[in-house]
Amino acid sequence: MAKPTHAPAPSTEQAPGQWCHWHKGPSQTAVLVDAIEKNSAPPHPLYACAPCREQRGLIPMADLP
């Protein structure tokens, strides 16, 4: 069987960490800052970009003790 010669189509979904939940827009500096837990469902991660973290005093979860 021949290999396909075209690249796969890019995904239309934002990858985790490329969306800021505070200013509700794309970001290249967003990191995980919180996760909302709902009953038995898995936690919903929340990401914030560098300017939003600075303005709101948000601490990345990776930096928490």
Kindly give the heavy-atom pair with the smallest separation between S27 and A30, and that separation in Å.
OG-N, 3.3 Å
Table please: side-chain donor-acceptor pairs of residues 55-65 below 3.5 Å, with sequence neighbours left out.
none

By side chain to side chain contact (heavy atoms under 4.5 Å, CB included), which residues pair with A35, not counting sequence neighbours?
P43
Taking only residues two or more places apart in sequence, or in another chain, which ones meet P42 in a side chain to side chain contact (heavy atoms under 4.5 Å, CB included)?
none
Mind listing the closest non-hydrogen atom pair of H23 and C52 along with its distance?
ND1-SG, 3.6 Å
A side-chain contact here means heavy atoms from C-beta on lying under 4.5 Å apart; do D34 and H21 qualify?
no
Under 3.5 Å, is there a donor-acceptor pair between the side chain of T29 and the main chain of A50?
yes
Using a 4.5 Å cut-off on heavy atoms from C-beta on, say whether the side chain of C20 contacts that of Y47.
no
